[in-house]
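Working notes, beginning with the structure itself.
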Amino acid sequence: MKKFKLALLTVALAGSSMAAMAQDKAALIKQFIDVQRPGIESLARGLVEQSSAPIAQAGSQYLQTQVPEAKRESAAKAADAELKKYFDEAYPIVRDKAVQLAPGALTPLLEQNFSEEELKQLLAWINSPLSKKYQDLNPKMQTALTEKLVNDTRATIEPKMRALDENVAKALGAPTGGSQQGAAPAKAPAKAPAKK
């Protein structure tokens, strides 16, 4: 009988220990997701900007090929205002939904791929001064690389983009800007506003 009670006590202790570990791991996952909120919001911002990019690009193309030069500046300002209005309305919706969905989408992945100890290490790294320094520098590094890449490939890629534009227009039977080929682009509608 004593062995049975001891076995029962051992099972009960193991069960409570596992439940505590599961709670600890769940708390660590929640903490990790909370720390990732700026990245989640940035993802939402990027999705909203991407959704309006084709419209902004088409508007810019139309602006430089179809709008008389005398009216381009005012038309560009009006288009910029509409793009900003869209962003200001859409971003909070997408941001809030991303923050709401993140725990359900990320928890199973974190649960399956990280032990409790690994989550502790990951959180320690993310909250460290070195990680914060890296996170602060990362956008500058991306900008530096992007600028260099765009500058170094512009001469090769722009003619290909113009040819693509012409070829797609021809394939669709749309007018092509034939005489507009060498024209300098007019001011494009602005990108979505910077993070508030």
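Counted within 6.0 Å of CE on M141, heavy atoms from surrounding residues, nucleotides or ligands total more than 12; the atom is thus considered enclosed.
Every residue two or more places apart in sequence or in another chain that forms a side-chain hydrogen bond (donor to acceptor under 3.5 Å, both in side chains) with S51 is listed here: Y86. For E73, the side chain to side chain contact (heavy atoms under 4.5 Å, CB included) test picks out K77, with sequence neighbours left out. Under the salt bridge (charged side-chain N to carboxylate O under 4.0 Å, His left out) criterion, E158 pairs with R154, not counting sequence neighbours. For the salt bridge (charged side-chain N to carboxylate O under 4.0 Å, His left out) test, residues two or more places apart in sequence or in another chain that qualify with D34 are K30. By the side chain to side chain contact (heavy atoms under 4.5 Å, CB included) test, Q66 pairs with Y62, sequence neighbours left out. With sequence neighbours left out, K133 forms a salt bridge (charged side-chain N to carboxylate O under 4.0 Å, His left out) with no residue at all. Take L109 and apply the side chain to side chain contact (heavy atoms under 4.5 Å, CB included) test, not counting sequence neighbours, and it matches N113. Every residue two or more places apart in sequence or in another chain that forms a salt bridge (charged side-chain N to carboxylate O under 4.0 Å, His left out) with D152 is listed here: K148. In this structure, the side chain to side chain contact (heavy atoms under 4.5 Å, CB included) partners of K97, at least two apart in sequence or on a different chain, are Q100, L101.
The nearest pair of heavy atoms linking K160 to T156 is CG-O, 3.5 Å. Heavy-atom minimum distance, P108 versus P103: CD-O, 4.2 Å. Between R72 and V67, the shortest heavy-atom distance links the atoms NE-O, 3.0 Å. Of all non-hydrogen atoms in A98 and A44, the two that sit nearest each other are CB-CB, 4.3 Å. Of all heavy-atom pairs between I33 and I40, the closest is O-CD1, 4.1 Å.
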### Task
Output, in order, the C-alpha distance, side-chain angles, deciding distance and verdict of side-chain contact (heavy atoms from CB on, under 4.5 Å) for I126 and Q36.
CA-CA 9 Å; I126 288 172; Q36 294 303 308; 3.4 Å; yes

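Identified under the side-chain hydrogen bond (donor to acceptor under 3.5 Å, both in side chains) test for residues 122-131, with sequence neighbours left out: S131-Q135. Residue pairs meeting the salt bridge (Lys or Arg N to Asp or Glu O under 4.0 Å) criterion with at least one member in residues 118-127, sequence neighbours excluded, are E116-K120.
The distance from the CE atom of M161 to the CG atom of L164 is 6.0 Å, given to the nearest 0.5 Å. A distance of 7.5 Å separates CD1 of I55 from CG of L83, quoted to the nearest 0.5 Å. Taken from CZ in F114 to NZ in K25, the straight-line distance is 9.5 Å, to the nearest 0.5 Å. The line from OG1 of T107 to CD of Q112 is 11.0 Å long, rounded to the nearest 0.5 Å. One finds the CD atom of E49 at 9.5 Å from the OH atom of Y91 (value rounded to the nearest 0.5 Å). Between the NZ atom in K85 and the CG atom in D80 there is a gap of 14.5 Å [rounded to 0.5 Å].
R37 is listed as a side-chain neighbour of E41, based on a closest heavy-atom distance under 4.5 Å.
Residue L47 is found in a hydrophobic cluster whose other members, listed by chain and number, are L43; membership requires side-chain heavy atoms under 4.5 Å apart, directly or through intermediates.
Placement of I93 and V99 in two distinct hydrophobic clusters is found when ILVMFWY residues are connected by side-chain heavy-atom separations under 4.5 Å, directly or transitively. Note: the hydrophobic cluster containing L123 also contains L130 (ILVMFWY, side chain heavy atoms under 4.5 Å, direct or indirect links). Residues L122 and Y134 are members of separate hydrophobic clusters, defined by side-chain heavy-atom contacts under 4.5 angstrom among Ile, Leu, Val, Met, Phe, Trp and Tyr.
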